[in-house]
Amino acid sequence: MISKRYSKDEIIAQFHDGQTIMTGGFAYHGSPELLIECVLESGAKHLTNIALDVSASKLMLTGRFDKMIISHAGAVKENLAAVSSGKFDVEFCPMGTLSERIRAGGVGLGGILVKVGFGTVAEKGKEKIELNGETYILEPALTADIALIKASKADYYGNLTYNGTNLNSNPIIATAADKTIVQVDEIVPLGGLKPEECTTPGIYVDMILDPNL
């Protein structure tokens, strides 16, 4: 029987210095906290984080990131201080644009053309494209070595279903990395999910954290 369930120690072994890691969630809703703890325990550093916000603050505040690509720094004083400290690079990107850059990476596009960001830091250093008499900012697609996501249920093959705010960025991030690792509230056998429930097909998922292994 195919099973993508792995122990915590097996997942910890996936993280290494210098990786680019996408993390799901927004404002700590749908954030894969157990997987973030695995990164901490691995000791990996010099990481690049791609996320909607700083929900992976445990990694940021412990100096694991060399760069973050985010859309929102939140309202937590410690997080704002870290983002503005200059200790690591921060690229701010409008949230809709950031989501589409991740989506583009997931489907194999090279980038997207947007108008949002003209006259702001979002256009700094970006190429401009003329198309049909209009000027656009060329935003490159985003991919990662590892995506860390949270879902509500998974079957053994990795088909995923989400509830509520778990739907924020997790489904698109699941498609945009070389390896996708998922934290779930419940693991069910194959056949335990109806096809119409599966928002993320198991083909995108490589590993499921099973705390019981």
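When reading the values below, keep in mind they use all heavy atoms of this one structure, side chains included, and skip hydrogens, waters and symmetry mates.
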Practice problem: Could you tell me whether a side-chain N or O of Thr200 sits under 3.5 Å from a main-chain N or O of Leu160, the two making a donor and an acceptor? | Solution: no
Quiz item: How long is the gap from CD on Gln183 to CG on Asp210, to the nearest 0.5 Å?
Solution: 12.0 Å
Quiz prompt | Close side-chain approach of Lys87 to Phe65, heavy-atom, < 4.5 Å | solution = no
Exercise. Considering non-hydrogen atoms only, spot the tightest contact between Ile203 and Tyr157 and give its length.
Key: N-CE2, 3.8 Å
Exercise. Taking all heavy atoms of Ser55 and all of Ala27, pick out the closest pair and write down the distance.
Key: OG-N, 3.5 Å
Quiz item: Where do Val54 and Ala73 come nearest, in terms of heavy atoms and distance?
Solution: CG2-O, 3.5 Å
Quiz item: Taking it one step at a time, do His46 and Asp66 satisfy side-chain hydrogen bond (donor to acceptor under 3.5 Å, both in side chains)?
Solution: CA-CA 5 Å; His46 302 303; Asp66 282 359; 3.0 Å; yes
Quiz prompt | Single-linkage hydrophobic cluster, 4.5 Å side-chain cutoff, Ile11 and Leu47 together | solution = yes
Quiz item: With distance as the sole criterion, is a donor-acceptor pair present between the side chains of Asn170 and Asn166 under 3.5 Å?
Solution: no
Quiz prompt | Neighbour count above 12 (heavy atom, 6.0 Å) for Lys153 NZ | solution = no
Quiz prompt | Distance (rounded to the nearest 0.5 Å) between His72 NE2 and Met95 CE | solution = 6.5 Å
Quiz prompt | Any side-chain heavy-atom pair of Ile181 and Phe15 under 4.5 Å | solution = yes
Quiz item: For the side chain to side chain contact (heavy atoms under 4.5 Å, CB included) test, which of Ile146, Leu142, Leu148 pairs with Met22?
Solution: Leu142
Quiz item: Below 4.0 angstrom, N of the basic side chain to O of the carboxylate: do Lys8 and Glu41 qualify?
Solution: yes
Self-check item: Hydrophobic cluster membership, Leu61 vs Phe88, 4.5 Å side-chain cutoff
Solution: yes
Quiz item: Would you say the side chain of Thr97 lies within less than 4.5 Å of the side chain of Ile137, judging by non-hydrogen atoms?
Solution: no
Quiz prompt | Over 12 non-hydrogen atoms of neighbours within 6.0 angstrom of CZ in Phe26 | solution = yes
Self-check item: Joint cluster assignment, Phe118 & Ile112, ILVMFWY side-chain distance < 4.5 Å
Solution: yes
Quiz item: Does some side-chain heavy atom of Ile12 sit less than 4.5 Å from a side-chain heavy atom of Ser42?
Solution: yes
Quiz item: Which heavy atom of Val182 sits nearest a heavy atom of Leu35, and at what distance?
Solution: C-CD1, 3.8 Å
Quiz item: Would Lys128 and Glu123 pass as an ion pair if we require N to O under 4.0 Å?
Solution: yes
Quiz item: Above 12 or not: heavy atoms from other molecules or residues under 6.0 Å from NZ of Lys115?
Solution: yes
Practice problem: Check which hydrophobic residues are tied to Leu131 through side-chain heavy-atom contacts below 4.5 Å, counting indirect links as well, and list them. | Solution: Leu113, Ile129, Tyr136, Leu138
Quiz prompt | Test applied, side chain to side chain contact (heavy atoms under 4.5 Å, CB included); reference residue, Leu52; option that passes from Ile70, Leu98, Ile173 | solution = Leu98
Practice problem: Can you measure from CG (Asn212) to OG (Ser7) and round to the nearest 0.5 angstrom? | Solution: 11.5 Å
Quiz item: Which value, rounded to the nearest 0.5 Å, describes the distance between Tyr6 atom OH and Ile208 atom CD1?
Solution: 9.5 Å
Self-check item: Over all atoms of both residues, closest heavy-atom pair of Gly24 and Ser169
Solution: CA-OG, 3.5 Å
Quiz item: Just how far is it from atom CD1 of Ile69 to atom OG1 of Thr20, taken to the nearest 0.5 Å?
Solution: 7.5 Å
Exercise. Could you tell me whether the side chain of Lys4 and the main chain of Val205 form a donor-acceptor pair under 3.5 Å?
Key: yes
Quiz prompt | Minimum heavy-atom distance Val188-Leu193, with the two atoms named | solution = CG2-CG, 4.0 Å
Quiz item: Within the distance-only criterion (no hydrogens, no angle test), does the side chain of Glu139 pair as donor or acceptor with the backbone N or O of Arg101 below 3.5 angstrom?
Solution: no
Quiz item: Would Asp185 and Lys150 satisfy side chain to side chain contact (heavy atoms under 4.5 Å, CB included), going step by step from the backbone distance to the final call?
Solution: CA-CA 8 Å; Asp185 299 322; Lys150 184 177 181 182; 3.8 Å; yes
Quiz item: If you round to the nearest 0.5 Å, how far is CD of Glu196 from OG1 of Thr161?
Solution: 10.0 Å
Quiz item: Backbone N or O of His29 within a donor-acceptor pair of the Thr165 side chain at under 3.5 Å?
Solution: no
Quiz item: Under 3.5 Å, side chain of Arg64 to main-chain N/O of Leu40, donor-acceptor pair present?
Solution: yes
Quiz item: Going hydrophobic residue to hydrophobic residue with side-chain gaps under 4.5 angstrom, can you get from Met207 over to Ile36?
Solution: yes
Quiz prompt | N/O donor-acceptor pair under 3.5 Å between Gln19 side chain and Gln14 backbone | solution = yes
Quiz prompt | Sidechain-backbone polar pair: Asp206 side chain, Thr180 backbone, donor-acceptor under 3.5 Å | solution = yes
Exercise. Any chance you could lay out the side chain to side chain contact (heavy atoms under 4.5 Å, CB included) test for Met60 and Val83, step after step, and finish with the verdict?
Key: CA-CA 9 Å; Met60 177 183 69; Val83 168; 3.9 Å; yes
Exercise. Would you check if the side chain of Ser31 reaches a backbone N or O of Gly25 as a donor-acceptor pair within less than 3.5 Å?
Key: no
Exercise. Verify the cluster assignment for Ile102 and Leu167: are they in a single hydrophobic cluster under the rule of side-chain heavy atoms below 4.5 Å apart?
Key: yes
Self-check item: Sequence-distant partners of Ala51, side chain to side chain contact (heavy atoms under 4.5 Å, CB included), two or more places apart
Solution: Thr23, Asn49
